[in-house]
Amino acid sequence: AQSVTQLGSHVSVSEGALVLLRCNYSSSVPPYLFWYVQYPNQGLQLLLKYTSAATLVKGINGFEAEFKKSETSFHLTKPSAHMSDAAEYFCAVSESNFGNEKLTFGTGTRLTIIP
Amino acid sequence: DGGITQSPKYLFRKEGQNVTLSCEQNLNHDAMYWYRQDPGQGLRLIYYSQIVNDFQKGDIAEGYSVSREKKESFPLTVTSAQKNPTAFYLCASSSKGGDTQYFGPGTRLTVL
């Protein structure tokens, strides 16, 4: 069975500082991994995804994530935080042999940006 | 513009009433999904459908029902059997063989 753990339900960083949101996964087969962002009272927007190509994945809004199989991790980073990055972020995993029908989400990390 | 629409954005119902949430997509996607979101619990899958006239239960299907009579529509009914229906409901869709789910804006249901 697949699962996702997001360490830290709340993360605060200063504007201009590095953003690091942690995600560890468990999967019995090669995973597909996703990061989504959610602004208040809105749906989820795809930030980036890993589907077994390059291990360093670049997404929208300056975010990137690195797939590390040995650490079963897919942490999200951004070099310099902007006020508009304040939102909730979800990591998700699906098992590649199922395509996208079995998507399991982490419990989310709320990112606060300090002016 | 292609996308997923959910209506209404906010919905209030009295306890014991059934309520149907709408989800429509014009992306020509084959698969559609319903998730429930509660604070601190992430998203949990209620039902999904990979093809018209077929659907499968997700992890928390009890108290919910769906239909898939048209490719572009996947309505969710929250029945009176659902013990704690107040939540944010999200609909998603994906293409056949695709690797990504795309989400609608959500409906916030409050049962009074």
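All chains are named by letter (A, B, ...) in the order of the sequence lines, taking the proteins before the strands, and each is independently numbered beginning at 1. The figures that follow rest on heavy atoms only: side chains count, while hydrogens, waters and symmetry mates do not.
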Closest approach of A92(B) to Y35(B) (non-hydrogen atoms, all atoms of both residues):
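Between these two residues, the closest heavy atoms are CB-CE1, 4.3 Å.
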Is it the backbone or the side chain of L90(B) that comes under 4.5 Å from a heavy atom of chain A, or both, or neither?
side chain
Q6(B) versus chain A, heavy atoms under 4.5 Å apart: side chain, backbone, both or neither?
neither
Please determine whether residues Y36(A) and L45(B) belong to a single hydrophobic cluster, defined as Ile, Leu, Val, Met, Phe, Trp and Tyr linked transitively by side-chain heavy-atom distances below 4.5 Å.
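Both belong to a single hydrophobic cluster.
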Could you tell me which portion of [X] (side chain, backbone, both or neither) has an atom closer than 4.5 angstrom to a non-hydrogen atom of chain B?
X	answer
T51(A)	side chain
Q6(A)	neither
L44(A)	both

Counting only heavy atoms from other residues, nucleotides and ligands, does the tally under 6.0 Å from CZ of R44(B) exceed 12?
yes
Inspect the surroundings of CG in L18(A) and state if more than 12 heavy atoms from other residues, nucleotides or ligands are less than 6.0 Å away.
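Yes, because the 6.0 Å sphere around CG of L18(A) holds more than 12 heavy atoms from other groups.
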Do the side chains of D54(B) and R68(B) get close enough for a salt bridge, i.e. N-O under 4.0 angstrom?
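Salt bridge absent between D54(B) and R68(B).
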